[in-house]
Amino acid sequence: MSFFKRKGFRRLNHQVTEKIEERLEQQPKHISTDLIENLQQVKNIFTHCEDLVVLHWRYGPEMAHTAFSVYFDSLVQRKMVNYMKASLQDLVPDEVGPGEEVTPDDIISHFEQNIASAHSHRLVKDFDDVIEKITNGHIVIFFNQWDKALAYKAISVETRQVDEPPTEPVIKGPREGTIENLDKNIGLIRGRLKSANFKIEMFTCKGETRTRVAYGYVDGLVDPKVLAEFKQRVKSIPEGDILETSYIEELIEDSTYSPFPQYRYTERPDTAVAALLDGKIIVMVDGTGSILICPSLFVELMQSSEDYYQRAVFASSIRFLRVIALMIALTLPALYIALTTFHPELIPTVLLLAIIDAREGIPFPSLIEALIMMIFFELLREAGVRLPRPVGAAVSIVGALVLGEAAIQAGIASPIMVIVVALTGIASFALPQYTFAIALRLLQFPLMVLAALLGGFGLMIGLILIWLHLVSLHSLGQPYLSPVGPFKFRELRDVFIRAPFKTLIKSPRKRPYEVRGD
(Lines give C-alpha, C1' and ligand atoms only; values in the text may rest on other atoms or scores of the structure.)
Protein backbone atom coordinates (compact mmCIF):
# COMPACT_ATOMS: atom_id res chain seq x y z
CA MET A 1 0.00 0.00 0.00
CA SER A 2 1.44 3.35 -1.00
CA PHE A 3 1.80 6.35 1.27
CA PHE A 4 -1.19 8.17 -0.27
CA LYS A 5 -3.41 5.13 0.10
CA ARG A 6 -2.39 4.73 3.74
CA LYS A 7 -3.02 8.44 4.32
CA GLY A 8 -6.47 8.22 2.70
CA PHE A 9 -7.29 5.15 4.79
CA ARG A 10 -6.29 6.97 7.99
CA ARG A 11 -8.43 9.98 7.01
CA LEU A 12 -11.39 7.68 6.34
CA ASN A 13 -10.82 5.86 9.62
CA HIS A 14 -10.69 9.21 11.44
CA GLN A 15 -13.97 10.31 9.83
CA VAL A 16 -15.66 7.05 10.82
CA THR A 17 -14.42 7.49 14.40
CA GLU A 18 -15.79 11.05 14.51
CA LYS A 19 -19.17 9.87 13.25
CA ILE A 20 -19.31 7.13 15.89
CA GLU A 21 -18.44 9.66 18.60
CA GLU A 22 -21.14 12.03 17.31
CA ARG A 23 -23.73 9.26 17.43
CA LEU A 24 -22.67 8.35 20.95
CA GLU A 25 -22.98 12.00 21.99
CA GLN A 26 -26.43 12.23 20.40
CA GLN A 27 -27.70 9.21 22.34
CA PRO A 28 -29.69 10.17 25.46
CA LYS A 29 -27.63 10.03 28.65
CA HIS A 30 -29.48 8.08 31.31
CA ILE A 31 -29.83 9.34 34.86
CA SER A 32 -27.46 7.67 37.30
CA THR A 33 -28.25 6.30 40.73
CA ASP A 34 -25.28 8.33 42.00
CA LEU A 35 -26.60 11.75 43.01
CA ILE A 36 -23.19 13.43 42.80
CA GLU A 37 -22.77 12.23 39.23
CA ASN A 38 -26.21 13.60 38.30
CA LEU A 39 -25.39 16.95 39.91
CA GLN A 40 -22.14 17.20 37.97
CA GLN A 41 -23.96 16.34 34.75
CA VAL A 42 -26.51 19.10 35.36
CA LYS A 43 -23.74 21.63 36.04
CA ASN A 44 -21.91 20.59 32.87
CA ILE A 45 -25.04 20.98 30.77
CA PHE A 46 -26.09 24.35 32.19
CA THR A 47 -22.69 25.90 32.63
CA HIS A 48 -22.61 29.74 32.67
CA CYS A 49 -26.36 29.86 33.37
CA GLU A 50 -26.56 32.33 36.25
CA ASP A 51 -30.34 31.98 36.59
CA LEU A 52 -30.10 28.22 37.28
CA VAL A 53 -31.00 27.36 40.88
CA VAL A 54 -29.89 24.12 42.58
CA LEU A 55 -31.32 23.38 46.04
CA HIS A 56 -29.98 20.52 48.18
CA TRP A 57 -32.28 18.53 50.46
CA ARG A 58 -32.01 15.85 53.17
CA TYR A 59 -34.66 13.35 54.20
CA GLY A 60 -35.15 9.86 55.66
CA PRO A 61 -34.01 8.27 58.92
CA GLU A 62 -31.50 10.55 60.66
CA MET A 63 -31.62 12.70 57.48
CA ALA A 64 -29.12 10.33 55.89
CA HIS A 65 -30.50 10.48 52.35
CA THR A 66 -30.00 13.37 49.96
CA ALA A 67 -31.75 14.95 46.98
CA PHE A 68 -31.56 18.15 45.00
CA SER A 69 -33.96 20.16 42.89
CA VAL A 70 -33.01 22.27 39.88
CA TYR A 71 -34.91 24.94 37.93
CA PHE A 72 -34.51 28.27 36.17
CA ASP A 73 -35.34 31.15 38.48
CA SER A 74 -36.29 33.29 35.46
CA LEU A 75 -39.01 30.81 34.45
CA VAL A 76 -40.28 29.82 37.90
CA GLN A 77 -40.99 33.26 39.32
CA ARG A 78 -43.69 32.32 41.81
CA LYS A 79 -42.40 29.57 44.09
CA MET A 80 -45.60 29.08 46.10
CA VAL A 81 -45.14 25.32 46.65
CA ASN A 82 -42.22 23.39 48.08
CA TYR A 83 -42.37 20.45 45.68
CA MET A 84 -39.69 18.50 47.58
CA LYS A 85 -41.76 18.63 50.74
CA ALA A 86 -44.93 17.83 48.79
CA SER A 87 -43.26 14.73 47.33
CA LEU A 88 -42.29 13.43 50.76
CA GLN A 89 -45.68 14.20 52.29
CA ASP A 90 -47.27 11.86 49.76
CA LEU A 91 -45.47 9.07 51.63
CA VAL A 92 -46.00 10.02 55.28
CA PRO A 93 -49.27 9.91 57.25
CA ASP A 94 -48.66 13.28 58.91
CA GLU A 95 -49.93 16.39 57.23
CA VAL A 96 -46.71 18.24 58.03
CA GLY A 97 -43.40 16.52 58.64
CA PRO A 98 -39.77 16.36 57.55
CA GLY A 99 -40.15 12.91 55.97
CA GLU A 100 -37.94 11.08 58.44
CA GLU A 101 -39.71 7.78 57.72
CA VAL A 102 -39.20 7.94 53.96
CA THR A 103 -36.51 5.86 52.25
CA PRO A 104 -35.40 5.84 48.59
CA ASP A 105 -37.19 2.50 48.19
CA ASP A 106 -40.45 4.12 49.28
CA ILE A 107 -39.99 6.93 46.78
CA ILE A 108 -39.20 4.53 43.93
CA SER A 109 -42.14 2.28 44.73
CA HIS A 110 -44.58 5.17 45.15
CA PHE A 111 -43.84 7.19 42.04
CA GLU A 112 -43.01 4.38 39.62
CA GLN A 113 -46.36 2.73 40.39
CA ASN A 114 -48.20 6.03 39.78
CA ILE A 115 -49.86 6.11 43.19
CA ALA A 116 -52.05 9.18 43.80
CA SER A 117 -50.04 12.28 44.65
CA ALA A 118 -50.92 15.75 45.84
CA HIS A 119 -49.38 17.36 42.76
CA SER A 120 -49.22 16.10 39.20
CA HIS A 121 -45.75 15.04 38.17
CA ARG A 122 -43.85 13.46 35.31
CA LEU A 123 -41.14 10.82 35.53
CA VAL A 124 -37.93 11.83 33.76
CA LYS A 125 -35.72 8.99 32.52
CA ASP A 126 -32.74 10.64 30.76
CA PHE A 127 -30.98 13.98 30.57
CA ASP A 128 -32.57 14.92 27.25
CA ASP A 129 -35.89 14.96 29.07
CA VAL A 130 -34.27 16.82 31.95
CA ILE A 131 -33.12 19.59 29.60
CA GLU A 132 -36.54 19.79 27.99
CA LYS A 133 -38.36 19.98 31.33
CA ILE A 134 -36.06 22.57 32.91
CA THR A 135 -36.06 24.84 29.85
CA ASN A 136 -39.88 24.63 29.75
CA GLY A 137 -40.30 25.88 33.31
CA HIS A 138 -40.35 22.64 35.32
CA ILE A 139 -38.77 21.93 38.70
CA VAL A 140 -36.83 18.66 38.47
CA ILE A 141 -35.96 16.74 41.65
CA PHE A 142 -33.22 14.09 41.75
CA PHE A 143 -33.11 11.50 44.56
CA ASN A 144 -30.20 9.35 45.57
CA GLN A 145 -30.27 5.65 44.61
CA TRP A 146 -32.89 6.36 41.89
CA ASP A 147 -32.16 6.41 38.16
CA LYS A 148 -35.16 8.64 37.45
CA ALA A 149 -36.25 12.13 38.48
CA LEU A 150 -39.51 13.93 39.23
CA ALA A 151 -40.59 16.93 37.16
CA TYR A 152 -43.28 19.38 38.33
CA LYS A 153 -44.66 22.05 36.03
CA ALA A 154 -44.15 25.38 37.77
CA ILE A 155 -43.63 27.85 34.93
CA SER A 156 -44.71 31.40 35.69
CA VAL A 157 -43.69 33.89 33.02
CA GLU A 158 -45.33 37.29 32.72
CA THR A 159 -47.47 37.61 29.58
CA ARG A 160 -49.90 40.23 28.36
CA GLN A 161 -53.53 39.92 29.24
CA VAL A 162 -56.20 38.65 26.86
CA ASP A 163 -57.44 41.69 24.98
CA GLU A 164 -58.97 42.67 21.65
CA PRO A 165 -56.43 42.11 18.83
CA PRO A 166 -55.42 45.51 17.39
CA THR A 167 -55.20 44.18 13.83
CA GLU A 168 -58.75 42.74 13.80
CA PRO A 169 -61.09 45.18 15.54
CA VAL A 170 -64.85 44.61 15.31
CA ILE A 171 -67.92 46.69 16.09
CA LYS A 172 -70.01 43.66 17.04
CA GLY A 173 -68.61 40.38 18.28
CA PRO A 174 -66.17 38.96 20.84
CA ARG A 175 -63.33 41.17 22.04
CA GLU A 176 -60.83 38.55 23.19
CA GLY A 177 -57.66 37.73 21.30
CA THR A 178 -54.81 35.25 21.54
CA ILE A 179 -51.59 35.96 23.44
CA GLU A 180 -48.03 34.63 23.42
CA ASN A 181 -48.83 31.56 25.56
CA LEU A 182 -49.60 28.37 23.64
CA ASP A 183 -51.50 26.63 26.45
CA LYS A 184 -53.77 29.62 27.02
CA ASN A 185 -54.44 29.96 23.30
CA ILE A 186 -55.48 26.31 23.10
CA GLY A 187 -57.68 26.88 26.14
CA LEU A 188 -59.37 29.87 24.47
CA ILE A 189 -60.21 27.73 21.45
CA ARG A 190 -61.32 24.70 23.47
CA GLY A 191 -63.55 26.98 25.52
CA ARG A 192 -65.48 27.75 22.33
CA LEU A 193 -65.22 24.37 20.61
CA LYS A 194 -66.40 21.84 23.21
CA SER A 195 -66.12 18.74 21.08
CA ALA A 196 -64.18 15.51 21.46
CA ASN A 197 -63.58 15.61 17.70
CA PHE A 198 -61.38 18.69 18.10
CA LYS A 199 -57.89 17.23 17.98
CA ILE A 200 -54.63 18.93 19.00
CA GLU A 201 -51.26 17.46 18.03
CA MET A 202 -47.91 18.92 19.07
CA PHE A 203 -44.26 18.64 18.16
CA THR A 204 -41.09 20.41 19.24
CA CYS A 205 -38.75 21.97 16.71
CA LYS A 206 -35.23 20.54 16.74
CA GLY A 207 -33.29 23.74 17.25
CA GLU A 208 -31.82 25.82 20.02
CA THR A 209 -35.20 27.34 20.87
CA ARG A 210 -37.00 23.99 21.27
CA THR A 211 -40.22 25.79 20.38
CA ARG A 212 -43.48 23.93 20.80
CA VAL A 213 -45.74 23.90 17.75
CA ALA A 214 -49.35 22.72 17.87
CA TYR A 215 -51.84 22.14 15.08
CA GLY A 216 -55.52 21.41 15.46
CA TYR A 217 -58.42 20.18 13.36
CA VAL A 218 -61.92 18.78 13.77
CA ASP A 219 -61.99 15.10 12.98
CA GLY A 220 -64.88 14.44 10.65
CA LEU A 221 -64.89 17.95 9.12
CA VAL A 222 -61.35 18.19 7.80
CA ASP A 223 -60.58 16.61 4.44
CA PRO A 224 -58.43 13.51 5.16
CA LYS A 225 -56.36 14.12 2.02
CA VAL A 226 -55.62 17.71 3.06
CA LEU A 227 -54.73 16.58 6.59
CA ALA A 228 -52.41 13.87 5.27
CA GLU A 229 -50.72 16.38 2.96
CA PHE A 230 -50.30 18.83 5.84
CA LYS A 231 -48.76 16.20 8.13
CA GLN A 232 -46.39 15.12 5.36
CA ARG A 233 -45.17 18.68 4.89
CA VAL A 234 -44.79 19.21 8.63
CA LYS A 235 -42.66 16.07 8.89
CA SER A 236 -40.41 17.33 6.09
CA ILE A 237 -39.65 20.62 7.88
CA PRO A 238 -35.85 20.83 8.22
CA GLU A 239 -34.20 21.14 11.60
CA GLY A 240 -33.93 24.73 12.75
CA ASP A 241 -35.28 27.37 15.07
CA ILE A 242 -38.93 28.42 14.72
CA LEU A 243 -39.93 31.65 16.43
CA GLU A 244 -43.24 32.54 14.74
CA THR A 245 -46.02 30.99 12.72
CA SER A 246 -44.74 32.72 9.58
CA TYR A 247 -41.77 30.31 9.68
CA ILE A 248 -44.20 27.40 9.37
CA GLU A 249 -46.08 29.17 6.58
CA GLU A 250 -43.02 29.57 4.40
CA LEU A 251 -41.81 26.03 5.05
CA ILE A 252 -45.04 24.30 4.03
CA GLU A 253 -46.53 26.61 1.38
CA ASP A 254 -46.94 25.50 -2.22
CA SER A 255 -45.34 28.48 -3.98
CA THR A 256 -42.70 30.36 -2.04
CA TYR A 257 -42.17 33.10 -4.64
CA SER A 258 -45.83 33.92 -5.20
CA PRO A 259 -46.83 37.38 -3.92
CA PHE A 260 -50.21 36.03 -2.84
CA PRO A 261 -50.48 34.49 0.65
CA GLN A 262 -51.59 30.87 0.53
CA TYR A 263 -52.56 30.89 4.21
CA ARG A 264 -54.22 33.48 6.39
CA TYR A 265 -53.64 34.67 9.94
CA THR A 266 -55.86 35.56 12.83
CA GLU A 267 -55.53 36.51 16.47
CA ARG A 268 -59.20 35.92 17.21
CA PRO A 269 -60.31 32.61 18.81
CA ASP A 270 -63.77 32.94 17.24
CA THR A 271 -62.24 33.20 13.76
CA ALA A 272 -60.05 30.16 14.45
CA VAL A 273 -63.07 28.14 15.63
CA ALA A 274 -65.07 29.18 12.56
CA ALA A 275 -62.19 28.01 10.36
CA LEU A 276 -62.05 24.68 12.20
CA LEU A 277 -65.77 24.17 11.65
CA ASP A 278 -65.17 24.91 7.99
CA GLY A 279 -62.72 22.01 7.75
CA LYS A 280 -59.51 24.00 8.13
CA ILE A 281 -56.31 23.25 10.03
CA ILE A 282 -54.93 25.79 12.50
CA VAL A 283 -51.27 26.09 13.52
CA MET A 284 -50.09 27.73 16.74
CA VAL A 285 -46.55 28.40 17.91
CA ASP A 286 -45.53 29.01 21.50
CA GLY A 287 -44.36 32.60 21.93
CA THR A 288 -46.64 34.23 19.36
CA GLY A 289 -50.32 35.05 19.23
CA SER A 290 -50.76 34.61 15.49
CA ILE A 291 -52.77 31.57 14.41
CA LEU A 292 -52.11 30.18 10.93
CA ILE A 293 -55.17 28.90 9.06
CA CYS A 294 -54.62 26.49 6.20
CA PRO A 295 -55.54 25.85 3.53
CA SER A 296 -56.84 29.31 2.61
CA LEU A 297 -58.51 30.39 -0.59
CA PHE A 298 -58.48 33.68 -2.48
CA VAL A 299 -62.08 34.49 -1.58
CA GLU A 300 -61.46 33.86 2.13
CA LEU A 301 -58.82 36.60 2.19
CA MET A 302 -61.62 39.04 1.34
CA GLN A 303 -63.79 37.99 4.29
CA SER A 304 -63.87 39.21 7.88
CA SER A 305 -65.20 37.64 11.07
CA GLU A 306 -67.60 40.58 11.44
CA ASP A 307 -69.39 39.49 8.24
CA TYR A 308 -71.11 36.84 10.36
CA TYR A 309 -72.04 39.24 13.18
CA GLN A 310 -73.92 41.65 10.88
CA ARG A 311 -77.17 41.14 9.01
CA ALA A 312 -76.82 39.27 5.73
CA VAL A 313 -77.71 42.34 3.64
CA PHE A 314 -75.08 44.50 5.34
CA ALA A 315 -72.41 41.79 5.17
CA SER A 316 -73.05 41.20 1.45
CA SER A 317 -72.87 44.95 0.75
CA ILE A 318 -69.55 45.23 2.56
CA ARG A 319 -68.15 42.25 0.63
CA PHE A 320 -69.18 43.90 -2.64
CA LEU A 321 -67.42 47.07 -1.45
CA ARG A 322 -64.26 45.05 -0.78
CA VAL A 323 -64.31 43.72 -4.35
CA ILE A 324 -64.38 47.31 -5.59
CA ALA A 325 -61.53 48.17 -3.19
CA LEU A 326 -59.55 45.23 -4.59
CA MET A 327 -59.86 46.48 -8.17
CA ILE A 328 -59.02 50.06 -7.14
CA ALA A 329 -55.96 49.04 -5.10
CA LEU A 330 -54.65 46.86 -7.92
CA THR A 331 -55.40 48.80 -11.10
CA LEU A 332 -56.18 52.49 -10.42
CA PRO A 333 -52.62 53.91 -10.84
CA ALA A 334 -52.01 51.76 -13.95
CA LEU A 335 -55.42 52.69 -15.37
CA TYR A 336 -54.70 56.39 -14.88
CA ILE A 337 -51.34 56.07 -16.63
CA ALA A 338 -52.84 54.12 -19.54
CA LEU A 339 -55.68 56.62 -20.06
CA THR A 340 -53.58 59.77 -19.84
CA THR A 341 -50.71 58.39 -21.96
CA PHE A 342 -52.36 56.24 -24.66
CA HIS A 343 -56.14 56.62 -24.49
CA PRO A 344 -57.12 60.24 -23.73
CA GLU A 345 -60.10 59.85 -26.07
CA LEU A 346 -61.73 57.55 -23.50
CA ILE A 347 -61.76 60.32 -20.88
CA PRO A 348 -64.75 62.72 -20.87
CA THR A 349 -63.80 66.06 -22.38
CA VAL A 350 -64.38 68.15 -19.28
CA LEU A 351 -62.35 65.76 -17.12
CA LEU A 352 -59.62 65.56 -19.77
CA LEU A 353 -59.30 69.35 -19.85
CA ALA A 354 -59.07 69.39 -16.05
CA ILE A 355 -56.32 66.74 -16.11
CA ILE A 356 -54.38 68.60 -18.82
CA ASP A 357 -54.68 71.86 -16.90
CA ALA A 358 -53.54 70.16 -13.66
CA ARG A 359 -50.57 68.51 -15.37
CA GLU A 360 -49.39 71.74 -16.95
CA GLY A 361 -45.85 72.41 -15.75
CA ILE A 362 -45.22 68.86 -14.46
CA PRO A 363 -41.72 67.91 -15.75
CA PHE A 364 -42.26 64.13 -15.49
CA PRO A 365 -44.36 61.71 -17.52
CA SER A 366 -47.28 60.01 -15.79
CA LEU A 367 -45.27 56.89 -14.93
CA ILE A 368 -42.46 58.75 -13.14
CA GLU A 369 -44.96 60.99 -11.40
CA ALA A 370 -46.94 57.98 -10.19
CA LEU A 371 -43.82 56.11 -9.06
CA ILE A 372 -42.58 59.11 -7.05
CA MET A 373 -45.91 59.56 -5.29
CA MET A 374 -46.41 55.83 -4.69
CA ILE A 375 -42.95 55.51 -3.16
CA PHE A 376 -43.62 58.55 -0.95
CA PHE A 377 -46.89 57.01 0.18
CA GLU A 378 -45.25 53.63 0.93
CA LEU A 379 -42.54 55.36 2.97
CA LEU A 380 -45.16 57.21 4.99
CA ARG A 381 -47.13 54.03 5.56
CA GLU A 382 -44.04 52.10 6.67
CA ALA A 383 -42.95 54.94 8.96
CA GLY A 384 -46.41 55.03 10.52
CA VAL A 385 -46.24 51.31 11.24
CA ARG A 386 -42.73 51.36 12.77
CA LEU A 387 -43.13 54.45 14.93
CA PRO A 388 -44.91 54.32 18.33
CA ARG A 389 -48.67 54.30 17.90
CA PRO A 390 -49.42 57.84 19.19
CA VAL A 391 -46.70 59.26 16.94
CA GLY A 392 -47.20 56.92 13.99
CA ALA A 393 -50.79 57.96 13.27
CA ALA A 394 -49.87 61.64 13.40
CA VAL A 395 -46.86 61.15 11.11
CA SER A 396 -48.95 59.24 8.55
CA ILE A 397 -51.74 61.82 8.38
CA VAL A 398 -49.69 65.01 8.69
CA GLY A 399 -46.92 63.64 6.45
CA ALA A 400 -49.38 62.74 3.70
CA LEU A 401 -51.02 66.18 3.82
CA VAL A 402 -47.75 68.10 3.93
CA LEU A 403 -45.99 66.05 1.24
CA GLY A 404 -49.02 66.06 -1.03
CA GLU A 405 -49.46 69.82 -0.78
CA ALA A 406 -45.71 70.41 -1.11
CA ALA A 407 -45.50 68.17 -4.19
CA ILE A 408 -48.32 70.10 -5.85
CA GLN A 409 -46.81 73.47 -5.01
CA ALA A 410 -43.37 72.38 -6.22
CA GLY A 411 -44.77 71.12 -9.51
CA ILE A 412 -43.63 67.53 -8.92
CA ALA A 413 -47.11 66.00 -8.98
CA SER A 414 -50.55 67.07 -10.09
CA PRO A 415 -53.58 67.21 -7.78
CA ILE A 416 -55.28 64.39 -9.71
CA MET A 417 -52.23 62.14 -9.13
CA VAL A 418 -52.35 62.84 -5.39
CA ILE A 419 -56.02 61.85 -5.42
CA VAL A 420 -55.25 58.63 -7.33
CA VAL A 421 -52.46 57.62 -4.93
CA ALA A 422 -54.53 58.44 -1.83
CA LEU A 423 -57.55 56.54 -3.12
CA THR A 424 -55.34 53.54 -3.95
CA GLY A 425 -53.92 53.50 -0.43
CA ILE A 426 -57.34 53.83 1.20
CA ALA A 427 -58.65 50.96 -0.92
CA SER A 428 -55.80 48.70 0.23
CA PHE A 429 -56.65 49.52 3.86
CA ALA A 430 -60.20 48.27 3.28
CA LEU A 431 -58.98 44.69 2.76
CA PRO A 432 -59.17 42.54 5.93
CA GLN A 433 -55.93 40.58 5.48
CA TYR A 434 -52.74 42.67 5.77
CA THR A 435 -50.62 40.13 3.86
CA PHE A 436 -53.10 40.20 0.98
CA ALA A 437 -52.93 44.00 0.83
CA ILE A 438 -49.12 43.78 0.63
CA ALA A 439 -49.42 41.50 -2.41
CA LEU A 440 -51.58 44.08 -4.18
CA ARG A 441 -49.13 46.86 -3.31
CA LEU A 442 -46.33 44.86 -4.93
CA LEU A 443 -48.31 44.12 -8.08
CA GLN A 444 -49.17 47.78 -8.59
CA PHE A 445 -45.69 48.61 -9.87
CA PRO A 446 -45.37 46.05 -12.71
CA LEU A 447 -48.89 46.94 -13.84
CA MET A 448 -47.91 50.61 -13.92
CA VAL A 449 -44.86 49.83 -16.06
CA LEU A 450 -46.91 47.71 -18.50
CA ALA A 451 -49.53 50.46 -18.73
CA ALA A 452 -46.83 53.03 -19.48
CA LEU A 453 -45.31 50.85 -22.22
CA LEU A 454 -48.41 49.43 -23.93
CA GLY A 455 -51.35 51.34 -22.51
CA GLY A 456 -54.60 49.48 -21.95
CA PHE A 457 -53.25 46.48 -23.84
CA GLY A 458 -50.35 46.24 -21.38
CA LEU A 459 -52.72 46.53 -18.43
CA MET A 460 -54.84 43.73 -19.90
CA ILE A 461 -51.72 41.55 -20.36
CA GLY A 462 -50.75 42.13 -16.73
CA LEU A 463 -54.19 41.21 -15.43
CA ILE A 464 -54.27 38.08 -17.59
CA LEU A 465 -50.86 37.00 -16.23
CA ILE A 466 -52.07 37.54 -12.67
CA TRP A 467 -55.21 35.53 -13.40
CA LEU A 468 -53.20 32.68 -14.92
CA HIS A 469 -50.96 32.65 -11.86
CA LEU A 470 -53.97 32.53 -9.54
CA VAL A 471 -55.54 29.69 -11.54
CA SER A 472 -52.34 27.62 -11.26
CA LEU A 473 -51.80 28.41 -7.56
CA HIS A 474 -52.71 25.88 -4.84
CA SER A 475 -52.94 25.91 -1.07
CA LEU A 476 -52.15 22.52 0.46
CA GLY A 477 -53.11 21.02 -2.87
CA GLN A 478 -56.46 22.85 -3.02
CA PRO A 479 -57.23 25.19 -5.98
CA TYR A 480 -56.59 28.74 -4.83
CA LEU A 481 -59.57 30.22 -6.70
CA SER A 482 -62.09 27.65 -5.51
CA PRO A 483 -65.13 27.82 -5.63
CA VAL A 484 -64.83 30.23 -8.57
CA GLY A 485 -62.32 28.07 -10.39
CA PRO A 486 -63.15 25.22 -10.42
CA PHE A 487 -66.70 26.54 -10.32
CA LYS A 488 -68.87 25.26 -7.47
CA PHE A 489 -72.28 26.87 -7.54
CA ARG A 490 -73.34 25.43 -4.17
CA GLU A 491 -70.55 27.23 -2.29
CA LEU A 492 -71.06 30.65 -3.88
CA ARG A 493 -73.61 31.59 -1.22
CA ASP A 494 -70.73 32.45 1.15
CA VAL A 495 -68.28 34.04 -1.28
CA PHE A 496 -69.33 37.34 -2.83
CA ILE A 497 -72.50 37.46 -0.76
CA ARG A 498 -73.30 36.07 2.65
CA ALA A 499 -76.50 34.07 2.62
CA PRO A 500 -78.77 34.17 5.69
CA PHE A 501 -77.90 31.78 8.50
CA LYS A 502 -81.03 29.75 7.82
CA THR A 503 -79.50 28.72 4.51
CA LEU A 504 -75.96 28.28 5.82
CA ILE A 505 -76.97 26.13 8.79
CA LYS A 506 -79.40 23.92 6.89
CA SER A 507 -76.90 23.32 4.10
CA PRO A 508 -73.35 23.54 5.47
CA ARG A 509 -70.64 24.72 3.16
CA LYS A 510 -68.44 21.70 3.79
CA ARG A 511 -69.75 18.15 3.64
CA PRO A 512 -68.64 16.38 6.84
CA TYR A 513 -66.27 13.49 6.38
CA GLU A 514 -66.63 10.27 8.29
CA VAL A 515 -65.05 10.40 11.71
CA ARG A 516 -61.97 8.25 11.66
CA GLY A 517 -61.11 5.90 14.45
CA ASP A 518 -57.38 6.52 14.59
Side-chain angles (χ1 to χ4, degrees), residues 215-218 220-234 236 245-246 248-266 271-272 274-283 291-305 307 316 319-320 322-323 326-327 329-331 431-440 442-443 460-499 504 507-514:
Y215 59 90
Y217 56 91
V218 177
L221 295 180
V222 65
D223 188 342
K225 295 180 180 179
V226 174
L227 182 60
E229 177 68 20
F230 173 81
K231 290 184 177 182
Q232 181 62 33
R233 296 189 186 186
V234 167
S236 62
T245 46
S246 57
I248 304 291
E249 176 194 12
E250 190 167 343
L251 289 171
I252 67 173
E253 63 184 356
D254 293 67
S255 179
T256 304
Y257 298 102
S258 173
F260 292 97
Q262 288 123 67
Y263 309 110
R264 57 191 173 109
Y265 290 91
T266 185
T271 303
L276 288 168
L277 295 177
D278 202 24
K280 306 293 184 181
I281 304 169
I282 62 171
V283 182
I291 299 178
L292 186 67
I293 300 175
C294 50
S296 292
L297 309 178
F298 181 86
V299 295
E300 294 172 348
L301 299 173
M302 302 281 291
Q303 299 172 359
S304 172
S305 61
D307 295 349
S316 301
R319 286 188 180 182
F320 181 72
R322 291 193 192 117
V323 174
L326 167 66
M327 299 307 300
L330 182 63
T331 64
L431 301 175
Q433 286 289 323
Y434 178 72
T435 53
F436 184 56
I438 292 178
L440 299 182
L442 291 176
L443 292 173
M460 182 179 65
I461 291 176
L463 293 177
I464 290 175
L465 291 177
I466 293 174
W467 181 259
L468 291 175
H469 172 68
L470 291 174
V471 170
S472 62
L473 196 60
H474 289 78
S475 177
L476 273 183
Q478 302 299 302
Y480 193 58
L481 288 182
S482 179
V484 178
F487 185 76
K488 300 177 182 178
F489 179 77
R490 182 172 173 270
E491 298 183 8
L492 291 179
R493 62 185 179 280
D494 195 19
V495 177
F496 301 109
I497 63 170
R498 202 269 284 172
L504 293 179
S507 180
R509 181 176 172 184
K510 290 285 185 181
R511 178 177 296 176
Y513 297 90
E514 294 182 0

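Note that this is a predicted model, so its numbers are computed, not measured. Both backbone and side-chain heavy atoms feed into the values below; hydrogens, waters and symmetry mates do not.
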Strictly distance-based, threshold 3.5 Å: is any side-chain N or O of [X] a donor or acceptor partner for the main-chain N or O of [Y]?
X	Y	answer
Gln478	Val226	no
Gln262	Ser255	yes
Ser475	Ser296	yes
Asp223	Lys225	yes
Ser316	Arg498	yes

How close do [X] and [Y] get, heavy atom to heavy atom, and via which atoms?
X	Y	value
Ala272	Thr266	N-CG2, 4.3 Å
Leu301	Pro261	CD1-O, 3.7 Å
Ser482	Leu297	O-CD1, 3.2 Å
Pro259	Leu443	CG-CD2, 4.2 Å
Leu492	Pro483	CD2-CG, 4.1 Å

How long is the gap from [atom1] on [X] to [atom2] on [Y], to the nearest 0.5 Å?
X	Y	atom1	atom2	result
Ile461	Ile466	CD1	CD1	12.5 Å
Leu431	Gln303	CG	CD	12.5 Å
Ile252	Tyr215	CD1	OH	11.0 Å
Ile281	Tyr217	CD1	OH	8.5 Å
Glu253	Leu251	CD	CG	8.5 Å

Stepwise side chain to side chain contact (heavy atoms under 4.5 Å, CB included) check, Asp254 with Leu473: CA-CA 8 Å; Asp254 293 67; Leu473 196 60; 5.5 Å; no

Test log, rule side chain to side chain contact (heavy atoms under 4.5 Å, CB included), inputs Tyr263 and Val283: CA-CA 11 Å; Tyr263 309 110; Val283 182; over 6 Å; no

Presence of salt bridge, Glu229 and Arg233, under 4.0 angstrom: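 Between Glu229 and Arg233 there is a salt bridge, with a charged N closer than 4.0 Å to a carboxylate O.
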
When you compare the side chain of [Y] with that of [X], does any pair of heavy atoms fall below 4.5 Å?
X	Y	answer
Ser304	Arg322	yes
Thr271	Arg264	yes
Asp494	Asp307	no
Pro479	Pro486	yes
Leu277	Leu221	yes
Ile291	Thr245	no
Met302	Arg319	no

Working for side chain to side chain contact (heavy atoms under 4.5 Å, CB included), residues Ile293 and Glu300: CA-CA 11 Å; Ile293 300 175; Glu300 294 172 348; 5.9 Å; no

Geometric class of the Phe436/Phe260 ring pair [parallel <30°, tilted 30-60°, perpendicular >60°]: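 Judged by the thresholds at 30° and 60°, the geometry between Phe260 and Phe436 is tilted.
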
Derivation and outcome, side chain to side chain contact (heavy atoms under 4.5 Å, CB included), residues Tyr265 and Ser246: CA-CA 9 Å; Tyr265 290 91; Ser246 57; 3.4 Å; yes

